[in-house]
Amino acid sequence: MARIGILTGGGDCPGLNAVIRAVVRKGVNRYGHAVVGYKDGWRGVLENQRINLTPDNTSGILHRGGTILGSSRTNPFKEERGVERVRASLLEERIDCLIAVGGEDTLGVADKLNAEGVHVVGVPKTIDNDLSATDFTFGFNTAVQICTDAIDRLHSTAESHNRVMVVEVMGRHAGWIATYSGIAGGADAILVPERPFDIEHVCEHIRHRHQAGRTFSIVVVAEGAVPVESDNVVTAKDASDSFGHVRLGGIGVKLEMEIERHTGYETRATILGHIQRGGTPTAYDRVLATRFGIAAIDCASDGDYGQMVALRGPAIARVPISDAVGTLKTIDAEIYETAEVFFG
Ligand code: F6P
């Protein structure tokens with residue numbers, strides 16, 4: 001029997017509740033542990049804001065988006081006496097191991113705390129799929145499905161009005177969401193951060209399509225995509241968060257203007273924004289998140305601290321948290337080359 005803490009940090013992501021439910025169900029029913037849920041990511045640990053989680057109060061949450069625990073982008077390493085306060089809070093609750101469910105930032109904190117002797121286990125989540133050491137993160141499949149549905153719907157207006165439709169999707173500095181949803185939605189151009197784009201080349205391709213008799217085009221652009229002539233991403237706000245990230249957004253509208261100016265074709269941009277993170281997780285993400293939750297409580301119960309559960313091929317593995325953070329997992333050349341066959 002142990003006392004296990006759990007927190008969800010960073011951007012909310014479909015599947016977080018499935019992880020919480022799995023950790024509690026196996027932790028309480030199979031191991032006889034007590035599970036404590038910290039509110040709002042690392043902020044809850046710093047301020048010792050928590051609730052006791054039971055199979056009863058985590059029932060009926062599997063299909064719900066967001067996180068019942070709340071989330072934040074709080075960074076204990078940026079807070080006054082942050083590490084000391086984390087330690088004191090975990091000690092007060094007699095937490096044997098803390099399960100941190102998050103992306104690069106939340107797990108980056110977990111990795112640093114692990115180096116300081118705090119008992120942690122990591123679970124990878126992000127719609128961006130940009131974490132190293134795992135093939136996929138949960139949330140990504142749902143985001144791709146939402147974007148694909150949106151692209152399908154945008155085809156209606158594109159076809160009816162002979163327009164170029166630009167669809168801006170999330171993903172931060174990786175083009176996973178753009179590439180997968182662009183392939184699935186049959187996009188005519190996919191612009192990703194990993195491959196700076198030449199606007200003339202994009203417009204030439206659109207002109208070529210229209211001269212060949214096509215009456216519309218769909219361009220999917222990742223929020224972190226950059227034109228070749230510029231090193232700078234387009235930002236929605238200059239201020240950065242406590243992990244040093246600026247808020248991306250706006251490249252879609254820039255492209256709308258550029259494409260219309262260069263080609264003369266009527267162009268419209270749609271920014272999908274947080275719709276990509278909202279609502280119910282797909283079946284795939286519910287299953288992956290559940291498997292991660294079960295593997296995380298097993299890992300914590302084994303006392304195998306400093307590990308993150310990961311998807312490796314069909315299996316769930318344990319990898320050092322440090323392998324997952326630090327280097328962003330950008331898109332594979334193979335997947336982008338597959339996409340390029342349709343617009344290169
Ligand atoms: O990391 C997930 C993500 O949705 C990114 O794709 C996006 O850039 C960022 O979070 C947006 O963050 P926020 O919700 O804080 O605006």
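None of these values were measured; they are calculated from a predicted model. We count ligands from 1, going down the list as the structure has it; atoms in each ligand are counted the same way.
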Atoms in ligand 1 with a heavy atom of [X] nearer than 4.0 Å:
| X | value |
| --- | --- |
| Glu223 | 5 (C), 6 (O), 7 (C), 8 (O) |
| Gly171 | 6 (O) |
| Arg172 | 1 (O), 6 (O), 8 (O) |
| His274 | 13 (P), 14 (O), 16 (O) |
| Arg73 | 9 (C), 10 (O), 11 (C), 12 (O), 13 (P), 14 (O), 15 (O) |

**Prompt:** What part of Arg277 sits under 4.0 Å from ligand 1 if we count only heavy atoms: the side chain, the backbone, both or neither?
**Reply:**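 It is the side chain that gets close, since no backbone atom is under 4.0 Å.
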
**Request:** Would you mind telling me if ligand 1 is within reach of the side chain of Ile127, the backbone, both or neither, using heavy atoms under 4.0 Å?
**Result:**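 The side chain, only.
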
**Message:** Checking the N or O distance criterion of under 3.5 Å, is ligand 1 in contact with Asp128?
**Reply:**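 Among all N and O atoms of Asp128, at least one is under 3.5 Å from an N or O of ligand 1.
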
**Message:** What's the separation between atom CZ in Arg87 and atom CG in Leu113, rounded to the nearest 0.5 Å?
**Reply:** 8.0 Å

**Request:** Might you work through the side chain to side chain contact (heavy atoms under 4.5 Å, CB included) test for Phe197 and Val228, ending with a clear yes or no?
**Result:** CA-CA 5 Å; Phe197 66 88; Val228 272; over 6 Å; no

**Item:** Ring centre gap for Phe138 and Tyr284 strictly below 6.0 Å
**Value:** no

**Message:** Are His161 and Phe216 an aromatic pair, judged by ring center distance below 6.0 Å?
**Reply:**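 Ring-ring flag for Phe216/His161: false, centres at least 6.0 Å apart.
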
**Asked** If we only count heavy atoms from C-beta on, is the Ile275 to Ile146 side-chain gap below 4.5 Å?
**Response** yes

**Request:** Using a 4.5 Å cut-off on heavy atoms from C-beta on, say whether the side chain of Glu200 contacts that of His205.
**Result:** no

